[in-house]
Amino acid sequence: MPTQSSTMWGQKSNRKLIIGIFGFSLGLFGILCGMFWEDLFNWIMHKEMVLAPDTRVYDNWKSPPLELNLDIYLFNWTNPEEFGNLSTKPILEQVGPYRFSERPDKVDIDWHPENASVSYRRRSFFYFDEEGSNGSLDDEINTLNAVTLSAAATAKHWPSVKRAMVDVGLKVYGSEMCVRKTIDELLFTGYNDVMIDVAMAMPIFGDEVKVPFDKFGWFYTRNGSADLTGVFNVFTGADDLAKLGQMHTWNYQENTGFFESFCGMTNGSAGEFQPQHLKPGGSIGLFTPDMCRTVPLDYLETVDIEGLKGYKFAGGPRSVDNGTLYPENLCYCGGECVPSGVMNISACRFGSPVFMSYPHFYNGDQYFVDQVEGLEPKQEDHEFYMVVEPNTGIPLEVAARFQVNMLVEPIEGVALYKDVPRIFFPLIWFEQKVRITPEMADQLKVLPIVLLSGHIFAGVCLAIGLILLCWAPVEHMISWCRRRRYDLKNPTKTNGDYKSRSHYASAEELKSKASTLICEKSTSGTPDSSPLLARRGQKATIVPTMSKSQTGESVATASTSVSETK
């Protein structure tokens, strides 16, 4: 029949075994969690960030919840009557901003799972914000006659007979180099021009003259239209999250056809997403349909936006160079190589001599600034930049700023432009600045916290598992050390050797051994060595008694009483 001590020992052994197994399992879980937590985190991120109708980013991509404003500035030409005087520069006065709130949307969405891409068109509605504007849409300004200049520039390389017909038309209809129009007419509403009417009514020049609109306005037909910026095809990131939001085709082509070599490639970002896991240095690309090309933005610095670390990429001299400073940009010349600072997009704008730059020719050659009066380039007001969260590639702040310029130069056979100076004439520039909201920033802040928390949790599980796994051996070692110290302090002699009380199996064995020791000493010892001296006529009696040891067990001890024989 099992004793109480053996039962208790069995229970302790089972408990120690269970604790050891649990500690081993917990430690193993911690190791596996630490090894694969980042992969699991990236898998979840991939699943949530892929462009698809049921993912978290889809709604924000289709209809951005941010407040978008388009600020437009125009240049009032104050001395147009002196343009033929080579000793006088055009004097420009900046007016604005005229602010419009924008409500963008994506329509005609078509998914292509075979190559993990999606096609769509962009459509935006613009509403004039009178309170945010510095002026009224009824304001009138003098500006360059863009219609007349486009007609003359188109005929520049024509045969003399056709060019003479354009010259006659300009004279007959009294076209002037300068027009005075309201802000409303110059922007979204547009205005009629007799040269547009004639070109549409008398298409005598065939395919050489393309008249895309019945009116002229810098943003004419853009309000509510989904056709002006073309058809985008971007990667959804389903097969590779690094390609999320990157351009695949534009208008169903991988090459725009407006520039030679790689300059005509449809690449870079469509604007909503940038590559993930960015590093300081390097560059990103932004495809702009209005310019039919990708604009490179180079790393500038690391900044803080709403408590998030972001990499600032800005449009430097490289993005507006035509091969003067960077030979690889020579294919952007478009047949009109000029000093660094403007981008020739004439081919993209139906042959009109349109050159894009940053406002006030910021980051451009001083040559352009010196051609007119009234320009003052400043980084804080005219820089084009994008701040990107490096891990997710999500833009935190964007300031998109571009200026439209037209090249005015002498054109042989056209009297109106016979004796004019060669000037890149600034006409209008616009700014679209947007910043992430604090609520969206808080959502992005959670991501690194979740990743770090997973690693911390794995470390805690491993530490607890190791502690539990080592609990039983450590406890056993501590108990052994305690018994060892006690045995060294309290030895017991038996048969000439010392033996500790802990070496006896039970209290009964110790009691029996004590009785034997007393009897042996009383019979074999001499009277002098006996512990008790019996008087004559008395009988020595050994009486065992029980006492408690330091361990709480009953220990037998021998006591001797002397009784007198009667």
Under 4.5 Å between any side-chain heavy atoms of T182 and D138, yes or no?
-> no
Could you tell me whether the side chain of S133 and the main chain of R99 form a donor-acceptor pair under 3.5 Å?
-> yes
Check whether any side-chain heavy atom of H112 sits under 4.5 Å from a side-chain heavy atom of H248, and report yes or no.
-> no
What pair of heavy atoms forms the shortest contact from K279 to Y311, and how long is it?
-> C-CE1, 3.7 Å
Any chance the side chains of D129 and S101 put a donor and an acceptor closer than 3.5 Å?
-> no
Just by distance, do the side chain of T266 and the backbone of E254 share a donor-acceptor pair under 3.5 Å?
-> yes
Could you verify whether a donor N or O on one side chain and an acceptor N or O on the other, from E102 and S124, lie under 3.5 Å apart?
-> yes
Specify whether Y120 and W61 have parallel, tilted or perpendicular ring planes, treating 30° as the upper limit for parallel and 60° as the lower limit for perpendicular.
-> perpendicular
Around E373, counting heavy atoms of other residues, nucleotides and ligands shown, do more than 12 lie under 6.0 Å from its CD?
-> yes
What is the minimum heavy-atom distance between A226 and V107, and which atoms define it?
-> CB-CG2, 3.8 Å
Which pair of non-hydrogen atoms, one from S117 and one from N233, has the smallest distance, and what is that distance?
-> OG-ND2, 3.3 Å
In sequence, state the C-alpha distance, the side-chain angles, and the governing distance for F425 and F75, and then conclude on side-chain contact (heavy atoms from CB on, under 4.5 Å).
-> CA-CA 10 Å; F425 206 103; F75 293 103; over 6 Å; no
Would you confirm whether the ring centroid of F100 sits within less than 6.0 angstrom of the ring centroid of F219?
-> no
Less than 6.0 Å separating the ring centroids of F402 and Y358?
-> yes
If every non-hydrogen atom of N391 is compared with every non-hydrogen atom of Q276, which pair is closest and at what distance?
-> O-CB, 3.3 Å
To the nearest 0.5 Å, how far apart are OG1 in T148 and CD1 in I196?
-> 9.5 Å
So does E260 have more than 12 non-hydrogen atoms from other groups sitting under 6.0 Å from CD?
-> no
Using atom types as modelled and distance alone, determine if a side-chain donor or acceptor of T236 lies under 3.5 Å from a backbone N or O of V118.
-> no
Taking the side chain as every heavy atom from C-beta outward, state whether Q246 and P275 have any pair of such atoms under 4.5 Å apart.
-> yes
Measure from the side-chain N and O atoms of N76 to the backbone N and O of E93, and report whether any donor-acceptor pair falls under 3.5 Å.
-> no
Look at the side chain of S283 and the backbone N and O of Y299, then say whether any donor-acceptor pair between them is shorter than 3.5 Å.
-> no
Residues S340 and D321: side-chain donor-acceptor under 3.5 angstrom = yes
Check the pair M343 / Y332 against side-chain contact (heavy atoms from CB on, under 4.5 Å), numbers first and verdict last.
-> CA-CA 7 Å; M343 295 173 277; Y332 283 122; over 6 Å; no
Would you call T78 and N142 a side-chain contact if the rule is heavy atoms closer than 4.5 Å?
-> no
Check the pair Y98 / D139 against side-chain contact (heavy atoms from CB on, under 4.5 Å), numbers first and verdict last.
-> CA-CA 10 Å; Y98 298 93; D139 296 343; 3.0 Å; yes
Close side-chain approach of F128 to L187, heavy-atom, < 4.5 Å | no
Atom pair CZ/CD of F384 and E431 - distance to nearest 0.5 Å = 11.0 Å
Carefully, step by step, assess I428 and T143 under the rule side-chain contact (heavy atoms from CB on, under 4.5 Å).
-> CA-CA 9 Å; I428 180 176; T143 186; over 6 Å; no
Which pair of heavy atoms, one from P296 and one from S319, lies closest together, and at what distance?
-> O-CB, 3.1 Å
Do other residues, nucleotides or ligands put more than 12 heavy atoms under 6.0 Å from the OH atom of Y252?
-> no
Any donor-acceptor pair under 3.5 Å from N363 side chain to G315 backbone = yes
Counting N and O atoms only, with roles assigned by atom type, does the side chain of N329 sit under 3.5 Å from a partner on the main chain of R318, one being a donor and the other an acceptor?
-> yes
Any side-chain heavy atom of L330 within less than 4.5 Å of one from C337?
-> yes
Quick one: do E140 and R180 make a salt bridge, cutoff under 4.0 Å?
-> yes
Near E114 CD, under 6.0 Å, is it more than 12 heavy atoms from other residues, nucleotides or ligands?
-> yes
Could you list the residues that satisfy disulfide bond (SG atoms under 2.5 Å apart) with C331, not counting sequence neighbours?
-> C263
Could you pull out the closest heavy-atom pair between N322 and V342, with the gap in Å?
-> ND2-O, 2.7 Å
Value rounded to 0.5 Å, distance of CZ in R222 from CG in L228 | 4.5 Å
In terms of side-chain geometry, is the basic nitrogen of K62 or D105 positioned less than 4.0 Å from the acidic oxygen of its partner?
-> yes
Kindly say whether H360 contributes a backbone atom to a donor-acceptor pair with the side chain of Q403 at under 3.5 angstrom?
-> yes
Centroid-to-centroid, Y362 to W429, below 6.0 Å?
-> no
Is M247 close to N267 at the side-chain level, that is, under 4.5 Å between some pair of heavy atoms?
-> no
The reported gap from CZ in F424 to CD in Q371 (rounded to nearest 0.5 angstrom) is 6.5 Å
Answer yes or no: is there a donor N or O on one side and an acceptor on the other, between the side chain of N251 and the main chain of Q253, under 3.5 Å?
-> no
Can you tell me how far the CD atom of E389 sits from the CD1 atom of I436, to the nearest 0.5 Å?
-> 8.5 Å
Quick check, are the ring centers of F216 and W218 under 6.0 angstrom apart?
-> yes
Examine distances only and state if a side-chain atom of D108 and a backbone atom of R121 form a donor-acceptor pair shorter than 3.5 Å.
-> no
Pairs under 3.5 angstrom only: tabulate donor-acceptor contacts from the side chains of residues 348-357 to other protein residues two or more places apart or in another chain.
from: S352; atom 1: OG; to: S150; atom 2: OG; distance (Å): 2.9
from: S352; atom 1: OG; to: R349; atom 2: O; distance (Å): 3.4
from: S357; atom 1: OG; to: N405; atom 2: ND2; distance (Å): 3.0

Using the six-membered ring of F258, assess whether NZ or CZ of R293 lies under 6.0 Å from its centre and within 45 degrees of the ring axis.
-> no
Y385 and R401, any side-chain heavy atoms less than 4.5 Å apart = yes
Euclidean distance, E383 CD relative to L300 CG, rounded to 0.5 Å | 6.0 Å
S225 and D227: side-chain donor and acceptor closer than 3.5 Å?
-> no
Parallel, tilted or perpendicular for F368 and F361, by the 30°/60° rule?
-> parallel
